[in-house]
Amino acid sequence: MRRLLIVLLSLSLAGLSGPVAQAAPSGDRDVIVQLFEWNWNSVARECGQVLGPKGYGAVQVSPPQEHVVLPGSGYPWWQDYQPVSYKLDNTRRGTRGQFVAMVNSCHAAGVKVYADAVINHMTGGSSGGTGSAGSAYSHYDYPGTYQTQDFHHCGRNGNDDIVNYNDRYEVQNCELVDLADLATESDYVRGRIAAYLNDLLSIGVDGFRIDAAKHIPATDIAAITSRLSRPAYVYQEVIYGAGEPITPDEYVGNGDVLEFRYGKDLAKIFNTERLAYLRTFAEPLPSDHAVVFTDNHDTQRGTGVLTFRDNGRYAMANAFMLAWTYGTPKVMSSYEYSSNDEGPPSTSTGQTVDTTCFTNRWRCEHEWRVIANMVGFHNAVRGTAVTEWWDNGNDAIAFGRGDKGYLILNDESTALTGRSYHTDLPAGTYCDVFHGDYTPGHCSGSTYTVDSSGWFRADVAATDGLALHADAKVS
Ligand code: LM2
Ligand code: CA
């Protein structure tokens, strides 16, 4: 636990920093959902049943490569962040064949697949073992893949571990929590990583989340992605750390960057300030290079962000993220855990079981009505500006997106009643997608009629909202 705290601390102290690949994801649908720890069969099913129909553009899947297996630690989720080889056979999430079938099924549903690419390091710990696909390994020796000369041996702090995040050399050449740090300046290592990513591209994978990108010089990432067989969407994990030498903007030339300040600032506004402050909400990274999220698998195990445990307020924060103009949204989908290390629902031998949403610890935030339906709102308002902002000076806000959508959020402890709202929406009757699901010509919840001058009247309960958009117009 102490080690974990140190890891989380060092992750949160880590900073932002490069060149290649495609910038923003292409197509009308850009919302990413992180199906954390879902097995391949379950992702395949979810693409067709939920992600495609609800308008998600892409799914981020957990690392697909062979990983360590740690029964003595109860098969923690973070086994996956310790690669043993780049084989896709037999991870806790399934076989290579199941991975291929998943990519095909997601594509058939119009959903792209982004893989979490762990390319900064291999395993930690001095003892070796056998990986999930049967490969033998020890620290600095991964037969057929890497040997001692392919790693950094930074010669600092007695154990080669990163201690000082204010030292660029140390952050990129020493070991992140003892994980054998790849010499990404080497031609061989670059070629080996590119071969792994190209294998994923050959299967049809559309993009990569670059894990621990701050720990790899931006120029090394550029050299690796320049070897890709075709363009892929790249977004990099560069955690901003105040005052650190490595900054997120160094990595913008390589593609997009995960904007870690977003979730903390959003939580601060919802928890301790006023929603009225959201009027100018933005972060330092340029909007078209920022991937934004309320929480992810690391931050939800720390403090200062909103998570599924915040229920209605979490739904509102996601609704804001999906309705607002800043960044490419990434929605989190979690499982419940009683310790930070606890893995997903699994068999007694550590294979992840099929996901059953809302039971067996699976929380499936991305299926919550508000969140799933706001993805449709996000797609409907694409390309429009924020219009018709209103707030009560405190915790109630409302705004439009051009003539395509209108959102009201009430985080007051009392209902917001007796008001009329002015929108740029065309006259008509709209489904409130906060409380109802839209199917052509029909709404399972309440509808609201916008008159020819753009007005509609609504009451909004405490900790609740209302959302109308052009693709959910009943008449
Ligand atoms: C990431 N971003 O930079 C991932 O988002 C994060 O989840 C990963 O950490 C990290 N980088 C490395 O890929 C997780 C987890 C750590 C865990 C590592 C490696 O948060 O706790 O470290 O994966 O599995 C574990 C132990 C740690 C030990 C280490 C090496 O918790 O105490 O260090 O393995 O044996 C001695
Ligand atoms: Ca490194």
Side-chain angles (χ1 to χ4, degrees), residues 4 7-8 11 32-47 49-51 56 58-71 73-84 88-96 98-99 101-103 105-106 111 113-118 123 131-133 200 205 208-212 237 258 293-302 305 307-309 330-368 371:
L4 182 89
V7 173
L8 288 170
L11 287 171
I32 305 165
V33 56
Q34 178 183 0
L35 295 186
F36 179 57
E37 295 288 311
W38 284 42
N39 70 22
W40 308 146
N41 283 348
S42 297
V43 174
R45 187 199 60 209
E46 193 72 358
C47 276
Q49 289 184 355
V50 175
L51 304 187
Y56 284 97
V59 56
Q60 175 185 311
V61 298
S62 287
Q65 88 296 320
E66 180 175 14
H67 53 77
V68 298
V69 182
L70 306 172
S73 307
Y75 307 107
W77 61 268
W78 43 258
Q79 287 180 167
D80 314 14
Y81 290 90
Q82 297 192 40
V84 166
L88 306 185
D89 318 87
N90 299 318
T91 66
R92 70 197 300 163
R93 279 175 284 287
T95 64
R96 181 182 178 99
Q98 289 168 334
F99 184 85
M102 171 193 78
V103 172
S105 136
C106 290
V111 180
V113 177
Y114 301 153
D116 197 343
V118 183
T123 69
S132 58
L200 292 171
V205 164
F208 306 107
R209 166 196 184 259
I210 308 290
D211 179 69
E237 193 217 18
L258 289 155
F293 49 101
T294 52
D295 60 321
N296 74 1
H297 68 284
D298 290 321
T299 67
Q300 73 177 197
R301 286 169 171 73
V305 297
T307 71
F308 60 82
R309 296 176 207 96
K330 179 161 69 68
V331 170
M332 177 64 188
S333 192
S334 316
Y335 61 81
E336 293 266 12
Y337 46 92
S338 41
S339 89
N340 279 345
D341 294 343
E342 187 177 6
S346 302
T347 66
S348 58
T349 54
Q351 287 294 115
T352 308
V353 300
D354 290 350
T355 302
T356 47
C357 280
F358 314 118
T359 67
N360 199 18
R361 299 200 278 131
W362 298 103
R363 289 305 303 259
C364 297
E365 299 92 299
H366 71 290
E367 284 195 14
W368 295 7
I371 298 176

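Just so it is clear, the structure is predicted and the values come from calculations on it, not from any experiment.
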- Query: How many angstroms lie between atom CD of Gln79 and atom OG1 of Thr91, to the nearest 0.5 angstrom?
  - Reply: 10.5 Å
- Message: Is it the case that the side chain of Arg45 and the backbone of Asn41 share a donor-acceptor pair, with hydrogens and angles ignored and the cut-off at 3.5 Å?
- Response: no
- Message: Testing the 3.5 Å rule here: is there a donor-acceptor pair between the side chains of Thr355 and Glu46?
- Response: no
- Pairing of Arg93 and Asp80 as salt bridge, 4.0 angstrom limit: yes
- Message: Measuring only between side-chain heavy atoms, which start at C-beta, is Val43 closer than 4.5 Å to Cys106?
- Response: yes
- Task: Output yes when a side-chain donor or acceptor of Asp295 lies under 3.5 Å from a complementary backbone atom of Thr307, and no otherwise.
- Result: no
- Query: Is the backbone of His366 close enough, under 3.5 Å, to the side chain of Tyr56 for a donor and an acceptor to pair up by distance?
  - Reply: yes
- Where Pro64 and Phe99 come nearest, the two heavy atoms and their spacing: CB-CE1, 3.8 Å
- Task: May I ask you to decide if Arg96's main-chain N or O and Trp40's side chain share a donor-acceptor pair within less than 3.5 Å?
- Result: no
- Validation row, ring centre Trp77 to ring centre Tyr335 under 6.0 Å: no
- Sub-3.5 Å donor-acceptor pair from the side chain of Glu342 to the main-chain atoms of Ser338, do we have one? yes
- Note on the structure: Taking every heavy atom of Arg363 against every heavy atom of Phe358, the minimum-distance pair comes out as O-CE2, 3.4 Å
- Message: Counting C-beta onward and ignoring hydrogens, is there a side-chain heavy-atom pair between Asn39 and Gln351 closer than 4.5 Å?
- Response: no
- 4.5 Å side-chain heavy-atom contact, Thr347 and Val353: yes
- Counting distance only, does the side-chain N/O of Gln98 pair as donor-acceptor with the main-chain N or O of Thr95 below 3.5 Å? yes
- Locate the shortest heavy-atom distance separating Phe208 from Val205; write the atom from each residue and the value. CE2-CG1, 4.0 Å
- Without swapping roles, check the side chain of Ser42 against the backbone of Asp354 for a donor-acceptor pair under 3.5 Å. no
- Query: So, the side chain of Glu66 versus the backbone of Ala133: is there a donor-acceptor pair under 3.5 Å, distance only?
  - Reply: yes
- Can you name the nearest heavy-atom pair linking Thr294 to Val305, along with the distance? O-CB, 3.7 Å
- Message: If I take atom CD from residue Glu37 and atom OG from residue Ser333, how far apart are they, to the nearest 0.5 angstrom?
- Response: 12.0 Å
- Item | Approximate separation, where rounding is to 0.5 Å, of Leu35 CG and Met102 CE | 9.5 Å
- Query: Could you state the interatomic distance from CG (Asn340) to CD (Gln300), rounded to the nearest 0.5 Å?
  - Reply: 9.0 Å
- For the side chain of Glu237 and the backbone of Ala212, is there at least one donor-acceptor N/O pair under 3.5 Å apart? yes
- Note on the structure: To the nearest 0.5 Å, atom CZ of Arg92 lies from atom OG1 of Thr349 at 10.5 Å
- Taken to the nearest 0.5 Å, the spacing of Asp341 CG from Leu70 CG works out to 10.5 Å
- Message: Is there a side chain to side chain contact (heavy atoms under 4.5 Å, CB included) between Trp38 and Ser62? Walk through the geometry before answering.
- Response: CA-CA 7 Å; Trp38 284 42; Ser62 287; over 6 Å; no
- Message: Give me the atom names and distance for the closest heavy-atom approach of Gly131 to Val69.
- Response: C-CG2, 4.1 Å
